[in-house]
Number of protein chains: 2
Amino acid sequence: MLRMTYQREIILEELKRVKCHPTADQLYEMVRTRLPRISLATVYRNLEVMSDAGIIKKLEYAGKQKRFDGNIENHHHIRCVKCGKIDDVAVKTVTEGNQHILDAAGYTDIRQRLDFYGLCPECKRREAEHSQNGESVSIHCACEDVLDGMDSKKNK
Amino acid sequence: MLRMTYQREIILEELKRVKCHPTADQLYEMVRTRLPRISLATVYRNLEVMSDAGIIKKLEYAGKQKRFDGNIENHHHIRCVKCGKIDDVAVKTVTEGNQHILDAAGYTDIRQRLDFYGLCPECKRREAEHSQNGESVSIHCACEDVLDGMDSKKNK
DNA sequence: ATCCTTGCAAAAAATTTGCAGTTAG
DNA sequence: CTAACTGCAAATTTTTTGCAAGGAT
């Protein structure tokens with residue numbers, strides 16, 4: 001069960017305080033001004049458990065560093081391909097006609113990507129089979145015939 | 001200018017050969033069966049230059065590891081939240097009405113995210129200012145008043 | 001010839017983990 | 001009490017880089 005520790009509280013406060021989407025280490029620096037003895041690992045751990053719990057959102061598309069969002073309402077983002085900045089976007093439904101909203105935000109050279117998330121048939125089946133625990137599933141790819149056994153790292 | 005080396009050719013061939021979206025190290029293993037002496041660094045470098053050149057696509061939303069796509073036609077993806085598998089999706093325009101396409105693919109518990117990419121006003125301005133070279137821009141965030149000077153790593 | 005590219009090894013960057021001590025419920 | 005949590009340090013994982021040698025145009 002999730003405890004509300006002082007560290008967790010401050011991390012959450014700091015994340016919700018800003019309108020941007022900080023990385024774990026930016027958040028660490030922000031939190032550190034209030035909790036000088038906190039460790040980066042604690043920030044990572046808390047961001048993880050809080051996003052698992054649905055209290056915050058993990059933005060996993062940043063490439064190298066994940067970014068985190070204290071705003072869990074359904075909303076979209078625009079990211080600068082050059083500097084990596086992520087802004088919120090007031091688009092509700094997606095059509096080509098929403099272009100002007102992005103233009104208004106001053107962004108140019110706009111491309112978009114729609115991604116879906118879900119549980120694939122294989123994982124659903126496996127979940128049903130051993131429904132007891134939350135054991136993690138190894139990457140199971142449609143091309144596993146090609147990739148099978150050639151993963152350089154063991155499945156944990 | 002982009003040279004077509006043997007390594008580059010094989011990497012491209014292997015990436016285009018599979019319908020899935022391998023990580024750099026999966027691709028490394030695939031390529032290694034044909035070029036046993038190739039190095040992982042070469043794979044990384046080639047994936048980078050080729051996606052910069054628009055020959056392939058980088059899927060940056062995977063969280064830890066980037067995935068690469070040999071199919072550069074405009075298309076969307078669905079990713080299993082559990083195993084990380086990424087499949088292609090035959091959705092052209094986005095509406096809530098497309099749900100049945102995803103249902104048909106066997107995915108459940110479907111969520112979606114739309115992300116935009118573009119050049120933010122600040123980067124555009126800076127590009128105009130020193131338009132000579134492709135110098136990289138440091139992260140410039142709307143909340144820079146908050147984050148300023150507290151980035152634990154120097155801007156390269 | 002030039003300069004892009006390679007393999008190797010080492011470094012850097014990002015994240016996770018083991019552990020012993022601490023704390024919220 | 002005790003299971004969840006913390007700080008610290010070390011380990012992993014993922015990606016990048018320096019460099020001398022090689023190769024494409």
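Below, read A as the first sequence line, B as the second, and so on, with proteins coming before strands; counting in each chain starts at 1. Just so you know, these numbers use all the heavy atoms, side chains as well, and skip hydrogens, waters and symmetry mates.
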> How bent is the helix from C/dA1-D/dT25 to C/dG25-D/dC1, comparing axes over its five end pairs at each side, to the nearest 10°?
Replying inline: 50°

> How close do B/Leu47 and B/Leu27 get, heavy atom to heavy atom, and via which atoms?
Replying inline: CD2-CD2, 3.6 Å

>> Of the listed nucleotides (D/dC8, C/dT5, C/dT23), which one gets closest to any side-chain atom of A/Arg3?
In response: C/dT23

> Once you round it to whole Å, what is the distance between C1' of D/dT15 and NZ of B/Lys58?
Replying inline: 11 Å

> Taking atom P of C/dT5 as reference, at what distance in whole Å does atom CG of B/Asp52 sit?
Replying inline: 12 Å

> Side-chain N or O of A/Thr5 less than 4.0 angstrom from OP1 or OP2 on D/dT6?
Replying inline: yes

>> Determine whether a donor-acceptor pair (N or O, by modelled atom type, separation under 3.5 Å) exists between the side chain of B/Lys57 and the backbone of B/Glu73.
In response: yes

> Is any side-chain N or O of A/Arg8 under 3.5 Å from a base N or O of D/dC5, one able to act as donor and the other as acceptor?
Replying inline: no

> If every non-hydrogen atom of B/Leu15 is compared with every non-hydrogen atom of B/Asp69, which pair is closest and at what distance?
Replying inline: CD2-C, 4.0 Å

> Atom OH of B/Tyr28 and atom C1' of C/dC8: how far apart are they, to the nearest Å?
Replying inline: 11 Å

>> If you only use heavy atoms from C-beta on, which nucleotide in C/dG7, D/dA24, D/dT15 is closest to the side chain of B/Gln7?
In response: C/dG7

>> Without decimals, in angstroms, what is the distance between A/Arg37 CZ and D/dC8 P?
In response: 4 Å

> Rounded to whole angstroms, how far apart are CG on B/Leu12 and P on C/dT5?
Replying inline: 14 Å

> What nucleotide, of D/dG7, C/dC4, D/dT6, holds the atom closest to the side chain of A/Ile38?
Replying inline: D/dG7

>> Taking the minimum atom-to-atom distance to the side chain of B/Lys66, which one of C/dT15, D/dC5, D/dT16 wins?
In response: D/dT16

>> To check you understand the geometry: which heavy-atom pair defines the closest contact between A/Ser51 and A/Lys58, and what is its length?
In response: OG-CE, 3.5 Å

>> Using every non-hydrogen atom in the two residues, find where A/Lys16 and A/Ile55 come nearest and quote the distance to one decimal.
In response: NZ-O, 4.2 Å

>> With the threshold set at under 4.0 Å for non-hydrogen atoms, list the residues of residues 40-50 of chain B touching DNA chain D in residue-number order.
In response: B/Leu40, B/Ala41, B/Tyr44, B/Arg45

> Looking only at heavy atoms, what is the nearest atom pair of B/Thr23 and B/Arg67, with distance?
Replying inline: CG2-CG, 3.9 Å

Could you pull out all donor-acceptor pairs under 3.5 Å where a side-chain atom in residues 34-42 of chain B meets a protein atom, sequence neighbours excluded?
unit_1, atom_1, unit_2, atom_2, d
B/Arg34, NH1, B/Glu13, OE1, 3.0
B/Arg34, NH1, B/Glu14, OE2, 2.8
B/Arg34, NH2, B/Glu13, OE1, 2.9
B/Ser39, OG, B/Ala41, N, 3.3
B/Ser39, OG, B/Thr42, N, 3.3
B/Ser39, OG, B/Thr42, OG1, 3.4

>> In whole Å, I'd like the distance from the CD atom of A/Gln26 to the P atom of C/dA13.
In response: 15 Å

>> What I want to find out is whether B/Arg32 reaches B/Glu29 closely enough, with some N-O distance under 4.0 Å, to be called a salt bridge.
In response: yes

> Between atom CZ in B/Arg67 and atom C1' in D/dT15, what is the gap in whole Å?
Replying inline: 16 Å

> If you look at every heavy atom in A/Ile72 and A/Gly54, which pair is closest and at what distance?
Replying inline: CD1-O, 3.6 Å

> Over how many whole Å does the gap from A/Met4 atom CE to D/dA3 atom P extend?
Replying inline: 21 Å

